[in-house]
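Bear in mind the structure is a predicted one, so any value in this text is a computation, not a measurement. Heavy atoms only: backbone and side chains are in, while hydrogens, waters and symmetry mates are out.
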Amino acid sequence: MHAKTDSDSTTFSPPSPDHSRRPVYYVQSPSRDSHDGEKSTPVLGSPMGSPPHSQSSVGRHSRESSTSRFSGSLKPGSRKISPNDVGSGHRRGGGQKNWNEFDVIEEERLLVDDESRKRLPRRCYFLIFVGGFFVLFSLFALILLAASKPQKPAILMRSIKFERFAIQAGSDHTGVSTDMLSTNATVNFTFTNTATFFGLHVSSTPLALYYSQLAIASGDVKNFYESRKHSTNVSVVVVGDKIPMYGSGATLSTHLGLTTLPVPLKLEFTVRSRAYVLGKLVKPKFYKKVNCSIVFESKKLNTPISLKKSCTYDT
């Protein structure tokens, strides 16, 4: 027998049957950072019995096996998603969402623009309102004017009374000798406003009394207001003082100054009336011309002479 040397003591003994039958397993960690570095954790093994495979090859084999298992479980028509696609997919989803919001906003803006084009501006509405107001107002004014025209005032001549009718010799302002006529009379008539919704402002031309073509007396009518459906009796004094006759009154003159012959006279005047139905915008006017034929006799002095059947009324 010989003693054991160091070389003998360092001689490897054959591996035991247990180590030869025990495989080495590695577990792949499913963390999010697996794409940054592969980490594997050996579960069982020994330095002496570990298989001659590198750690990276084992990790790659584990990734391929897990990926194959995951891809095998996908449904037909689905896409394989790698861990690297998670972040990019999230970014793409956010971008799609932003694009959808932009599309909605753009569509709403287009709708608003379309509605604004269809809607008229405020200036047009104002012009339409003003134009419609003037049209309606004009129509209303025309209706009032048309309704007021038939409601004409009425005039009725009642009487004339002569207080004086004298012819005497004299001379005009130039000294020419001629017969002079002096007259004093009162004319009565009735003015009636037949309108139902407006009053009348009444005026008149002077009342003129004619002998032949010569005006021998005149009188003025005071202006007055006649309310609706109302009548007024008007009295006008007609006066003529020393009117030169220039030969036309030769047959009428007497030594007493009173004529014994009937004297044909004519009375003329025009009555004007105006109504303010709608302020000064609608103001219908009415004219009535009165002509009366009168026969004076000396026996009718200071006696009213009826004119109801002696006058004509022209509009």
Side-chain angles (χ1 to χ4, degrees), residues 105-160 186-210 215 218-238 266-293 307-315:
I105 294 173
E106 183 68 16
E107 184 177 356
E108 291 178 353
R109 187 180 66 81
L110 292 175
L111 291 175
V112 170
D113 292 341
D114 191 19
E115 291 178 357
S116 63
R117 291 191 194 99
K118 294 180 180 179
R119 192 184 306 120
L120 293 175
R122 292 184 179 179
R123 183 178 300 176
C124 293
Y125 283 113
F126 177 75
L127 294 177
I128 292 173
F129 172 76
V130 173
F133 174 77
F134 276 108
V135 169
L136 293 177
F137 186 80
S138 302
L139 182 61
F140 179 68
L142 290 175
I143 292 173
L144 288 178
L145 183 62
S148 62
K149 278 296 183 181
Q151 303 184 30
K152 299 177 181 180
I155 297 176
L156 178 62
M157 299 301 297
R158 300 175 64 188
S159 64
I160 182 172
T186 302
V187 179
N188 296 310
F189 66 92
T190 301
F191 181 89
T192 303
N193 181 10
T194 61
T196 57
F197 59 93
F198 57 86
L200 292 173
H201 297 267
V202 183
S203 62
S204 175
T205 60
L207 276 70
L209 188 63
Y210 293 91
S218 65
D220 295 328
V221 178
K222 293 182 179 180
N223 298 343
F224 62 95
Y225 176 80
E226 191 65 48
S227 58
R228 58 185 180 178
K229 287 292 183 180
H230 193 266
S231 299
T232 299
N233 294 322
V234 182
S235 295
V236 182
V237 176
V238 179
K266 186 165 58 176
L267 180 68
E268 293 181 358
F269 67 100
T270 301
V271 178
R272 300 185 296 258
S273 56
R274 175 179 296 178
Y276 296 96
V277 180
L278 193 62
K280 292 186 177 182
L281 297 176
V282 180
K283 46 183 182 180
K285 301 176 182 179
F286 305 94
Y287 297 92
K288 185 155 290 193
K289 188 176 182 180
V290 181
N291 293 283
C292 299
S293 297
L307 299 176
K308 292 182 179 179
K309 297 181 180 181
S310 304
C311 299
T312 59
Y313 307 94
D314 300 326
T315 56

Show the atom names and distances, to 0.1 Å, of all donor-acceptor pairs under 3.5 Å that link a side chain in residues 147-155 to residues at least two apart or in another chain.
from, atom 1, to, atom 2, distance (Å)
S148, OG, L144, O, 3.1
S148, OG, L145, O, 2.9
Q151, OE1, T196, N, 2.7
Q151, NE2, A147, O, 3.3

Restricting to side chain to side chain contact (heavy atoms under 4.5 Å, CB included), what partner residues turn up for S138, sequence neighbours left out?
none

Side chain to side chain contact (heavy atoms under 4.5 Å, CB included) partners of A275, counting only residues at least two apart:
F198, L200, V277, P284

Using atom types as modelled and distance alone, determine if a side-chain donor or acceptor of S204 lies under 3.5 Å from a backbone N or O of T270.
yes

Does a side-chain heavy-atom distance below 4.5 Å link F189 with L307?
no

By ring pair (Phe, Tyr, Trp, His ring centres under 6.0 Å), H201 pairs with (sequence neighbours left out) Y225, Y276

Going by the rule side chain to side chain donor-acceptor pair (under 3.5 Å), which residues pair with T205 if we only count those two or more places apart in sequence or in a different chain?
none

List the residues meeting side chain to side chain contact (heavy atoms under 4.5 Å, CB included) with V135, not counting sequence neighbours, and say none if there are none.
none

If the condition is side chain to side chain donor-acceptor pair (under 3.5 Å), which residues does R158 pass it with, not counting sequence neighbours?
N233

If I take atom CZ from residue F140 and atom CG from residue L281, how far apart are they, to the nearest 0.5 angstrom?
11.5 Å

Could I get the full list of salt bridge (charged side-chain N to carboxylate O under 4.0 Å, His left out) partners for K266, not counting sequence neighbours?
E268

Backbone N or O of S227 within a donor-acceptor pair of the N193 side chain at under 3.5 Å?
yes

Under the rule for side chain to side chain donor-acceptor pair (under 3.5 Å), what residues qualify as partners of S203, not counting sequence neighbours?
none

Run the side-chain contact (heavy atoms from CB on, under 4.5 Å) check on V221 and L207 step by step: do they pass?
CA-CA 8 Å; V221 178; L207 276 70; 3.3 Å; yes

With sequence neighbours left out, what residues match F191 under ring pair (Phe, Tyr, Trp, His ring centres under 6.0 Å)?
F224

With sequence neighbours left out, the residues meeting side chain to side chain contact (heavy atoms under 4.5 Å, CB included) with A141 are L278, V282

Is the backbone N or O of T192 less than 3.5 Å from a side-chain atom of E226, with the two atoms forming a donor-acceptor pair by type?
no

Pairs of donor and acceptor atoms involving the side chains of residues 308-315, under 3.5 Å and at least two apart or interchain, shall be tabulated with distances.
from, atom 1, to, atom 2, distance (Å)
Y313, OH, M157, N, 2.9

Interatomic distance, L142 atom CG to F137 atom CZ [nearest 0.5 angstrom]:
10.5 Å

Return the minimal non-hydrogen interatomic distance between V236 and G219, and the atom names on each side.
CG1-C, 3.9 Å

